[in-house]
Amino acid sequence: MARINVLNPQRQTAAPKRLGRKRWGGAAPYLFIFPWIFGFLVFTLGPLLFSLVISFFDWPIVGQVTFVGFDNYVEMFSDDPLFWKSLMITLKFAALFVPLNIIVALGLAMLLNQRVKGSAFFRTAFYLPSVISGVALAMIWSWVYSGDYGILNYFLSVFGIEGPDWLNDTKWSLVAMVIASLWGQGSMMLIFLAGLKGIPKDLYESASIDGAGKIRQFFNVTVPMITPTLLFNLITSIIAAFQQLTLALLLTGGGPLKSTFFYAMYMYENAFKYFKMGYSAANAWFMFVIVLTLTFLVFKSSEAWVFYEGEMKKAKPKHVKRRAAGREGH
């Protein structure tokens, strides 16, 4: 007789189930990152592209929208003195703020890197100002800078120095903004501290055996080893300098005599005071180009001064150098 094989129904359904699990298992990672992708497209990339579009329009908050082409950019460069004034003030602020911010953050990180009692408390104390809201920070500094009852002028008077009216003097208002901005560099301090913790102790021991002192160890060991961290903090400081708005808006309102009228405040007023959203978008894209150019230059120069662990600068072979010298001689 012919042998009849009866298929097990459970075996028939096993393969489709395994296939379905495999299919959903491949999609699981995308489901987990979907909220971030959705947020990036809707709240970051979408508004970014939309601002580029409206920069070519006369776009009031309420009223008729009119296409003007490049007129917003032409007006910005040729017929708006506040544009150049705010840009120069921001560049001056960046020239003061960026190096001082890096020096202060690195100095605090080196102090906290020492093995002393209470270092955890000081880490918290130095980091705390960076989590305070900008409004609260502005209120604190308005009291510190007060010409009548400010604690800073009182401290100077102890040493026989008559302090200026910081926020109402055009000579000192920008300096006051720089000092107040340095108060919130706790995040950069922690990044530097993490970089210092990653330096092998053997390098300092070898340098000490070779007779190098503390200063020479700092420039020959510490600085080269934290150059990747330095590169990151330098770029973030440049970006932060061009985005400075809260302190100046609350402390001085751009005064006195527009001495603290930063570029970000210039954009803010065009958008929400004069309701010129298209013109403000053009201002923002020009600032984006400036920051992008400065970031590119920093990255380009980093090839000469940033050193990564395990990488060496490739030197030309001797025979290549000899050929080059022979060609120059001919």
Side-chain angles (χ1 to χ4, degrees), residues 93-131 175 178-242 291 293-325 328:
F93 174 80
L96 294 172
F97 171 75
V98 173
L100 287 176
N101 194 32
I102 292 176
I103 291 172
V104 172
L106 180 57
L108 292 177
M110 292 188 66
L111 290 176
L112 295 178
N113 195 36
Q114 305 298 319
R115 295 182 179 179
V116 294
K117 292 183 179 181
S119 58
F121 167 77
F122 287 106
R123 291 176 190 175
T124 305
F126 288 140
Y127 181 75
L128 189 61
S130 63
V131 300
V175 177
V178 173
I179 297 174
S181 301
L182 293 175
W183 191 253
Q185 45 73 45
S187 299
M188 184 176 295
M189 176 198 67
L190 290 183
I191 294 173
F192 270 128
L193 182 60
L196 293 173
K197 293 291 185 182
I199 301 176
K201 301 298 181 183
D202 299 341
L203 297 179
Y204 291 106
E205 294 176 358
S206 300
S208 179
I209 293 173
D210 291 339
K214 294 296 182 181
I215 298 178
R216 190 173 178 183
Q217 289 179 20
F218 172 76
F219 287 103
N220 292 346
V221 177
T222 304
V223 173
M225 292 299 295
I226 64 170
T227 46
T229 307
L230 185 62
L231 173 64
F232 174 80
N233 285 335
L234 177 60
I235 293 174
T236 54
S237 294
I238 292 174
I239 296 173
F242 278 87
V291 174
T293 302
L294 293 176
T295 304
F296 173 77
L297 294 176
V298 172
F299 267 113
K300 197 66 177 177
S301 66
S302 66
E303 299 176 359
W305 58 272
V306 177
F307 303 94
Y308 296 98
E309 187 175 358
E311 291 186 0
M312 294 181 61
K313 301 293 183 181
K314 292 183 179 180
K316 293 183 179 180
K318 293 184 178 180
H319 64 276
V320 176
K321 293 182 179 179
R322 290 173 182 172
R323 290 179 183 176
E328 292 178 359

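As the structure is a computational prediction, the values presented were derived from the model and not from experiment. When a residue number appears, it is its place in the shown sequence, counting from 1.
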Supply the atom-to-atom distance [X] [atom1] to [Y] [atom2], rounded to the nearest 0.5 angstrom.
X	Y	atom1	atom2	value
L193	T229	CG	OG1	10.5 Å
F121	L112	CZ	CG	11.5 Å
Q185	L106	CD	CG	10.5 Å
L182	L100	CG	CG	6.0 Å

Inset, instruction - Decide if atom OH of Y204 counts as having more than 12 heavy atoms of other residues, nucleotides or ligands within a radius under 6.0 Å. - result: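 Atom OH in Y204 is crowded, with more than 12 foreign heavy atoms closer than 6.0 Å.
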Legend entry - Heavy atoms of other groups near K214 NZ, more than 12 under 6.0 Å: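 It does not: K214 NZ has 12 such atoms or fewer within range.
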Inset, instruction - Output yes when a side-chain donor or acceptor of S208 lies under 3.5 Å from a complementary backbone atom of E205, and no otherwise. - result: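 Pair absent, no side-chain N/O of S208 close to backbone of E205.
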If every non-hydrogen atom of [X] is compared with every non-hydrogen atom of [Y], which pair is closest and at what distance?
X	Y	answer
W305	T227	O-CG2, 3.2 Å
R123	M189	O-CE, 4.1 Å
A207	Q217	CB-CG, 4.0 Å
V98	A241	CG2-CB, 4.3 Å
I102	S237	CG1-OG, 4.1 Å

Inset, instruction - Please name the residue in the list L230, I235, T236, L234 that meets the side chain to side chain contact (heavy atoms under 4.5 Å, CB included) test with F232. - result: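 Considering L230, I235, T236, L234, a side chain to side chain contact (heavy atoms under 4.5 Å, CB included) with F232 is found only for T236.
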So do the side chains of [X] and [Y] get within less than 4.5 Å of each other, counting heavy atoms only?
X	Y	result
T295	F299	yes
F122	L108	no
M188	S130	no
F242	L294	yes
N113	F192	no

